[in-house]
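Working notes, structure below.
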Amino acid sequence: MVNPPASLFIDGQWSPSSAGGTRDIFCPADGQLVATVSEASTEDVHRAIAAARHSFDTGPWRAIPEGQRGDVLLRAAAILTERSDEFATAESKDTGKRFVESKIDMDDIAACFTYFGKLAGQDAGRVVDAGSNDVVSRVVYEPVGVCGLIAPWNYPLLQAAWKVAPALAAGNSFVLKPSELTPHTSMLLMDVLTEAGVPPGVANLVLGAGAVAGAPLSEHRDIDLVSFTGGLVTGRKIAASAAGTVKKVALELGGKNPNVIFADADFDAAVDNALNGGFVDSGQVCSAGARIIVEESIHDRFVDALVERANQIKLGGPFDETADAGPLISAAHRDKVTDYVRKGVEEGAELRCGGAWGEGDLADGYYYRPTILDKVRRGMSVVVEEGFGPVVTVETFTTEDEAIETANDTDYGLAGAVWSQDSGKGQRVAQRLRHGTIWINDFHPYLPQAEWGGFKRSGVGRELGRMGLAEYQEAKHIYHNLQPSVTGWFPDGSTRE
Ligand code: NAD
């Protein structure tokens with residue numbers, strides 16, 4: 001038997017699974033084997049948690065000045081930039097994503113480490129007025145402790161970076177569990193962090209399926225915070241199991257994001273961005289603009305233009321420079337998307353394009369054609385549920401109020417867009433949309449310095465921005481009485497009979 005690979009990073013050492021478990025990773029673009037990795041047993045996960053706990057309770061990371069921790073993050077950003085091609089290649093093989101898109105992700109990942117590296121040490125807390133000159137009262141920010149970080153497969157390293165960078169900047173130790181489908185860039189990251197100066201035991205990596213490698217991160221009493229990005233169903237499980245030890249919970253869940261287009265929008269820009277919003281990364285984006293809500297008077301022209309453009313999208317593998325979009329993550333996920341579209345059509349949606357798998361050269365991968373479902377109604381499953389594939393639905397409205405009401409009629413609240421050349425209207429609508437990010441006349445840009453997260457069932461807490469760092473901190477109030485004295489609250493012993 002071949003020795004299981006040493007794919008788990010625990011206490012500064014690479015090790016194989018204690019139970020010998022392995023998983024083959026396949027490229028979704030052609031079904032070819034990428035590599036075999038070890039999968040953690042429960043014992044391995046407990047070992048990683050113990051290493052993180054020990055490093056936090058005794059180690060140097062949280063004790064060093066925040067600015068120096070920031071310097072380590074900046075070094076990590078520089079190494080990630082230097083090794084960007086290598087990382088992007090690994091990401092593209094695991095996800096099937098186009099190499100150029102993985103390269104953009106790498107820029108975003110380096111920017112995230114840079115942002116949190118610079119933010120570390122900028123806020124040393126504050127002195128508050130205690131109402132007495134004899135008291136110095138300070139609020140300071142301390143690391144939460146040991147963090148369990150659970151990431152999804154769609155932006156494997158980017159979503160992990162949104163957690164790892166602020167967790168480290170705040171002085172925490174962590175155990176990271178990437179999706180079982182996309183482990184490789186998280187593995188590469190561990191060596192980068194070591195090279196940048198993160199001490200052993202602070203950064204730990206376990207691989208494997210959620211039930212074995214992920215669940216202990218929400219259940220274990222030695223984990224102080226669990227931060228999860230993934231689907232709503234898993235998010236609910238994590239919140240419920242974290243409740244047992246009342247740990248802090250941060251959840252970045254799904255979205256069903258409206259893209260509201262008024263008749264006075266820049267037509268070509270709105271069509272183009274509706275295409276980007278719906279079909280970038282084959283729609284496997286939590287903030288995908290899957291729900292197009294267009295003013296009735298331009299509906300026909302808009303959808304015709306969108307269909308024409310969608311039909312021109314060329315599917316292909318990560319290194320096919322002529323391709324515009326890649327495959328879905330797995331055969332199982334493509335089956336899910338196929339059923340989702342079928343059900344939508346059964347419920348009355350009009351299939352304007354797509355609804356088909358890739359053929360010919362693409363038959364070995366998990367490709368699905370960009371799909372537009374017109375004439376949908378609120379309440380239909382394709383309007384209510386997240387599809388997480390290259391599928392957009394089209395609804396219409398006639399008044400501003402109706403547009404807003406339709407866009408807010410979802411249990412989710414992650415992101416949304418409004419298109420109009422009337423700035424007042426754009427701002428008005430943006431203010432009334434109940435979603436965590438609103439784009440006016442754009443779709444998809446985000447900034448590491450601006451908070452990201454969901455209203456309603458799209459999540460709890462925020463990543464990125466100052467709140468993204470605060471997520472990994474505890475606030476402590478230190479009240480220092482400079483003139484201690486007898487309070488006289490209770491009777492003096494000498495006066496009691
Ligand atoms: P998923 O919920 O299936 O899995 C996410 C991660 O959780 C994986 O690492 C998985 O192994 C792990 N997991 C599964 N069960 C677990 C358990 N019981 N305990 C602990 N961990 C467990 O999601 P996915 O399919 O990987 O990703 C797609 C979903 O992620 C979509 O719903 C998408 O909207 C969401 N997402 C949200 C954001 C955001 O910023 N809000 C970003 C990216 C993806």
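The structure presented is a predicted model; accordingly, all values stated were derived computationally and were not measured. Numbering of ligands and ligand atoms starts at 1, following listing order. Just so it is clear, the values below take in all heavy atoms, side chains as well, and ignore hydrogens, waters and symmetry mates.
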Would [X] count as a contact of ligand 1 if the rule is a heavy atom under 4.0 Å away?
X	answer
Y155	no
S287	no
S218	no

Nearest protein heavy atom to [atom], by residue and atom, and its distance?
atom	value
atom 18 (N) of ligand 1	K237 CD, 4.1 Å
atom 37 (C) of ligand 1	L253 O, 3.0 Å
atom 22 (C) of ligand 1	G210 CA, 3.4 Å
atom 6 (C) of ligand 1	A151 O, 3.5 Å
atom 14 (C) of ligand 1	T234 CG2, 3.4 Å
atom 20 (C) of ligand 1	G214 C, 3.3 Å
atom 12 (C) of ligand 1	I150 CG2, 3.7 Å
atom 26 (O) of ligand 1	W153 CD1, 2.9 Å

- Message: Over 60° means perpendicular and under 30° means parallel, so tell me whether F319 and F99 are parallel, tilted or perpendicular.
- Response: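 Answer is tilted, since the angle falls between 30° and 60°.
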- Specify whether W439 and W452 have parallel, tilted or perpendicular ring planes, treating 30° as the upper limit for parallel and 60° as the lower limit for perpendicular.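 The rings of W439 and W452 sit tilted, inter-plane angle from 30° to 60°.
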[X] and [Y]: side chain donor to acceptor below 3.5 Å:
X	Y	answer
T406	E395	no
S18	D44	yes
S227	W162	no
N259	W419	yes
D105	S102	no

- Task: Ignoring hydrogens and angles, tell me if any N or O in the side chain of R69 forms a donor-acceptor pair with the backbone of W61 under 3.5 Å.
- Result: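 Looks like yes, one N/O pair under 3.5 Å.
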Might you point out which heavy atoms bring [X] and [Y] nearest each other, and give the distance in Å?
X	Y	answer
S7	L205	O-CD2, 4.0 Å
L207	M187	CD1-SD, 4.0 Å
V146	R53	CG2-CA, 3.5 Å

- Task: Ignoring angles and geometry beyond distance, decide whether K177 reaches within less than 3.5 Å of ligand 1 through its nitrogen or oxygen atoms.
- Result: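 Indeed, backbone or side chain, K177 has an N or O that close.
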- Query: Is any N or O atom of E180, backbone or side chain, closer than 3.5 Å to an N or O atom of ligand 1?
  - Reply: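 Yes, since at least one N or O of E180 sits under 3.5 Å from an N or O of ligand 1.
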Provide the number and element of each atom of ligand 1 under 4.0 Å from a heavy atom of [X].
X	answer
A215	19 (N), 20 (C)
Q159	42 (C), 43 (C)
E252	37 (C), 39 (C), 40 (O), 41 (N)
T229	5 (C), 36 (N), 37 (C), 38 (C), 39 (C), 42 (C), 43 (C), 44 (C)
E386	31 (C), 32 (O), 33 (C), 34 (O)
C286	34 (O), 36 (N), 37 (C), 38 (C), 39 (C), 40 (O), 41 (N), 42 (C), 43 (C), 44 (C)
G231	1 (P), 2 (O), 23 (O), 29 (C), 30 (O), 32 (O)
L414	41 (N)

Where does [X] meet ligand 1, judged by heavy-atom distances below 4.0 Å: at the side chain, the backbone, both, or neither?
X	result
N154	side chain
W452	side chain
S241	neither

- Show your working on side-chain hydrogen bond (donor to acceptor under 3.5 Å, both in side chains) between R291 and T410 and close with a plain yes or no. CA-CA 10 Å; R291 224 183 140 197; T410 165; 5.2 Å; no
- Message: Do F228 and T234 have side chains that approach each other closer than 4.5 Å (heavy atoms only, starting at C-beta)?
- Response: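 In contact.
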- Task: Out of P178, G254, G387, G230, indicate the one that has the non-hydrogen atom closest to atom 35 (C) of ligand 1.
- Result: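 Closest candidate by heavy-atom distance is G230.
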- Task: Test R378 against E405 for salt bridge (Lys or Arg N to Asp or Glu O under 4.0 Å), laying out the working first.
- Result: CA-CA 11 Å; R378 287 200 250 169; E405 196 208 321; 3.5 Å; yes
- Item | Pair R342 + E346, salt bridge at N-O below 4.0 Å |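 Yes, charged N to carboxylate O under 4.0 Å.
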